[in-house]
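The structure appears right after this line, and notes come after that.
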Amino acid sequence: MKHHIIALSSVVLFFLPACKKDNSSSGKRYFFTPTTYSDADVQQALIEMENGDTIYFQSGNYTFTSMLSVDGKKNIVITGEGRNNTILSFDGQLTGAQSIIGTGLTFALFKDFTIKDPNGDGIKIKDSDGVTFLRVGVTHTNPVDSTNAGYGLYPVTSKNILIDDCYVTGASDAGIYVGQSEQVIVRNCLVEGNVAGIEIENCIQADVYNNTAQFNTGGILVFDLPNAPVIPNGSICRVYNNTIHKNDLKNFAPSGNIVANVPVGTGIMLLAAKKVEIFNNTITQNNIMGIGIVSFRTLETLDASLNAGNTAYVKYCKEIHIHDNSIMRSSDYPAELNAMATIIKEVIFDSLEVTDILYDGFVHPDFTSDPTKGICIQNNGSATFANVGVATLFQNMSTDPSPHNCSQPALPETTVFAPAI
């Protein structure tokens, strides 16, 4: 076995002349510096690395013209020397839809570096189990535009995902997006200047806490969308202890993208979400929709081109508990309203002040005998409320919150089995 390892090491050295390698009991370590690397060297290291190995980028600026991919590895680490120190730039990328893509990973840790100016999505993880992003950044230096990358950090169809102390700006869809995954934690992150700051979509068991979402179009989204083959309907998401401030950026999502419907000026938006608990958040100056509770039927009502078209998909919100949040607004509306924000401000409310919590009024079939109990809203200070009655095209709007003065059972804490920090 020793001879086999030595032989493998010599092969790696042959193909990777620009990196320094350190064999240790915890696996090999491949070291790259800004003056001794190439796209081919790094990609070859990602191919040749074995379970337990580490790829290490020293401080400095790196420029890549092709996508980097890593597949089927266990217990690996890809690290830099700090989010502000190790910068991987993909502005000149010519091939690939992501900057970095990982598939079929088990216990993988990405930490302490920034993806700068991705041409495609920043880091996409697919079909993996136990992935941690720690102090990772994804940034755009150009002005916000629909041609920006859709997603910053982008794990999908995976489980045991931990995203901690990360920073994303400039994404034309979602800065931090987790889709069709189970056991998810997003915490201690700063997201700003994206269309959606954080989006949890069709996931089961997610905790989103201690984050700051500011200056996006929408701060935090919990969405269930149709035609998701792995998880048709998500459930059990807690959104708590977050600071959600002044998300009034113009919506620069590409036309036809579902998040193009997110109203400018949104703090938290639920779309066809089930079993969601929103509590202890500070939600300030999100002056179109502090918190929105929306059925997919609303999108179908307001846009005839949209159709769920999937019988497995449930279009309604249910078992929603919004409690003990601090919601404050100012009288300033966002400067550039998109279509949905315009409907809310100028059609639904007209000359009236927009309320803090908006509910579209569509009732989940489980609650038709008692339609008030599926949406519970309590102890949110002086926050105002409106059931806008989308089904009757806003003819039966009510601002009386008392029908929703109920509670739901507290949702369980999410546990994630991913690389330790």
Side-chain angles (χ1 to χ4, degrees), residues 46 53-57 62 67-71 73-88 90 98-116 118 120-140 149-171 173-192 194 196-201 203 205-213 220 242 414-421:
L46 291 166
D53 288 356
T54 296
I55 290 180
Y56 192 101
F57 294 95
Y62 301 75
M67 181 177 71
L68 302 175
S69 63
V70 56
D71 304 306
K73 309 295 184 180
K74 296 181 179 180
N75 301 310
I76 64 165
V77 178
I78 298 175
T79 183
E81 291 189 336
R83 194 169 64 207
N84 297 321
N85 299 324
T86 299
I87 310 298
L88 312 183
F90 288 81
Q98 287 83 37
S99 299
I100 299 174
I101 184 167
T103 305
L105 304 178
T106 303
F107 252 59
L109 173 59
F110 298 81
K111 69 185 183 80
D112 292 320
F113 64 89
T114 285
I115 301 291
K116 178 184 175 185
D121 305 313
I123 305 176
K124 182 176 182 179
I125 301 298
K126 187 177 180 182
D127 302 333
S128 296
D129 185 355
V131 177
T132 296
F133 296 94
L134 176 63
R135 297 184 297 270
V136 173
V138 182
T139 64
H140 292 80
Y151 304 103
L153 301 178
Y154 183 21
V156 293
T157 57
S158 297
K159 59 184 178 180
N160 291 306
I161 299 295
L162 173 60
I163 303 176
D164 192 1
D165 194 10
C166 293
Y167 174 73
V168 185
T169 184
D173 194 305
I176 295 174
Y177 171 98
V178 187
Q180 297 189 78
S181 296
E182 300 181 50
Q183 307 300 123
V184 175
I185 292 177
V186 181
R187 67 187 183 195
N188 306 320
C189 296
L190 172 60
V191 284
E192 57 185 358
N194 308 283
I198 297 169
E199 182 175 357
I200 305 298
E201 185 177 298
C203 288
Q205 194 82 52
D207 273 358
V208 180
Y209 64 93
N210 291 351
N211 302 286
T212 297
I220 297 176
N242 300 286
T414 295
T415 301
V416 166
F417 297 96
I421 299 171

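Residue numbers run from 1 in the order of the sequence given. Keep in mind it's a predicted model, so treat the numbers as computed, not measured.
- Residues Val191 and Thr212 have side chains not in contact (no heavy-atom distance under 4.5 Å, counting atoms from C-beta outward).
- Scored by the ring-ring contact (aromatic ring centres under 6.0 Å, His included) test, Tyr56 finds Phe31 as partners (sequence neighbours excluded).
- Looking only at distances, a side-chain donor or acceptor of His140 sits under 3.5 Å from a matching main-chain atom of Thr169.
- Smallest separation of non-hydrogen atoms from Gly120 and Ala149: O-CB, 2.7 Å.
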Next item on the list: Go through the steps for Phe133 and Asp165 under the test side chain to side chain contact (heavy atoms under 4.5 Å, CB included), then give the verdict.
Entry: CA-CA 8 Å; Phe133 296 94; Asp165 194 10; over 6 Å; no
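- For the residue pair Ala171 and Gly150, the shortest heavy atom distance occurs at CB-O, 3.5 Å.
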Note to self: One pair to check against side chain to side chain donor-acceptor pair (under 3.5 Å): Thr414 and Gln205. What are the steps and the verdict?
What the structure shows: CA-CA 6 Å; Thr414 295; Gln205 194 82 52; 3.2 Å; yes
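- Shown are Val131, Ile78, Leu68, Ile115; of these, the side-chain contact (heavy atoms from CB on, under 4.5 Å) with Ile123 is made only by Ile115.
- For the salt bridge (Lys or Arg N to Asp or Glu O under 4.0 Å) test, residues two or more places apart in sequence or in another chain that qualify with Asp112 are Arg135.
- Residues satisfying the ring-ring contact (aromatic ring centres under 6.0 Å, His included) criterion with Tyr62, sequence neighbours excluded, are Tyr37, Phe57.
- Applying the side chain to side chain donor-acceptor pair (under 3.5 Å) criterion to Gln183, with sequence neighbours excluded, gives no partner residue.
- Using a 4.5 Å heavy-atom cutoff, the side chains of Thr114 and Val136 are not in contact.
- Asn210 is linked by a side chain to side chain donor-acceptor pair (under 3.5 Å) to nothing, counting only residues two or more places apart in sequence or in another chain.
- At least one side-chain heavy atom of Val208 sits less than 4.5 Å from a side-chain heavy atom of Ile220.
- Residues Asn75 and Thr106 have side chains not in contact (no heavy-atom distance under 4.5 Å, counting atoms from C-beta outward).
- Rounding to the nearest 0.5 Å places CG of Asn211 at 9.0 Å from CG of Leu190.
- In this structure, Ile176 CD1 and Tyr151 OH are separated by 14.0 Å, a value rounded to the nearest 0.5 Å.
- Between Val138 and Leu153, the closest side-chain pair of non-hydrogen atoms falls below 4.5 Å.
- Using a 4.5 Å cut-off on side-chain heavy atoms (C-beta onward), Ser99 and Leu88 make no contact.
- Scanning for side chain to side chain donor-acceptor pair (under 3.5 Å) contacts around Tyr177 gives Glu201, with sequence neighbours left out.
- For the side chain to side chain contact (heavy atoms under 4.5 Å, CB included) test, residues two or more places apart in sequence or in another chain that qualify with Lys159 are Asp129, Glu182.
- Between Asp127 and Ser158, the shortest heavy-atom contact is N-OG, 3.2 Å.
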Item checked: Verdict with reasoning, Val416 to Val184, per side chain to side chain contact (heavy atoms under 4.5 Å, CB included) -> CA-CA 7 Å; Val416 166; Val184 175; 5.7 Å; no
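- Between the side chain of Thr86 and the main chain of Glu81, a donor-acceptor pair closer than 3.5 Å is present.
- In this structure, CG in Leu46 is found 7.5 Å from CD1 in Ile100, a value given to the nearest 0.5 Å.
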Note to self: Apply side chain to side chain donor-acceptor pair (under 3.5 Å) to residues Tyr167 and Glu192 and explain how you reach the verdict.
What the structure shows: CA-CA 8 Å; Tyr167 174 73; Glu192 57 185 358; 2.7 Å; yes
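- With respect to Ser128, the side-chain contact (heavy atoms from CB on, under 4.5 Å) criterion is satisfied by exactly one of Asp71, Val156, Leu105: Leu105.
- Judged by distance alone, the side chain of Asn194 and the main-chain N or O of Ala174 form no donor-acceptor pair under 3.5 Å.
- Taking CG of Asn160 as the reference point, atom OG of Ser181 lies at 10.0 Å (rounded to 0.5 Å).
- Under the 3.5 Å distance criterion, with hydrogens and angles disregarded, a donor-acceptor pair is assigned to the side chains of Asp164 and Asn188.
- The nearest pair of heavy atoms linking Gln180 to Cys203 is N-SG, 3.8 Å.
- Here the CD1 atom belonging to Ile55 is positioned 9.0 Å from the NZ atom belonging to Lys73, to the nearest 0.5 angstrom.
- When the side chain to side chain contact (heavy atoms under 4.5 Å, CB included) test is applied to Tyr209, the partners found at least two apart in sequence or on another chain are Ile185, Arg187, Asp207, Tyr240.
- Here the CD1-NZ distance, from Ile87 to Lys116, works out to 7.5 Å after rounding to the nearest 0.5 Å.
- Scanning for side chain to side chain donor-acceptor pair (under 3.5 Å) contacts around Thr139 gives an empty result, with sequence neighbours left out.
- Side-chain contact check for Asp121 and Tyr154: no donor-acceptor pair (N or O, by modelled atom type) lies under 3.5 Å.
- Here the side chains of Ile163 and Val178 are in contact, with some heavy-atom distance below 4.5 Å.
- Under the side chain to side chain contact (heavy atoms under 4.5 Å, CB included) criterion, Ile101 pairs with Met67, Ser69, Gln98, Thr103, Lys124, sequence neighbours left out.
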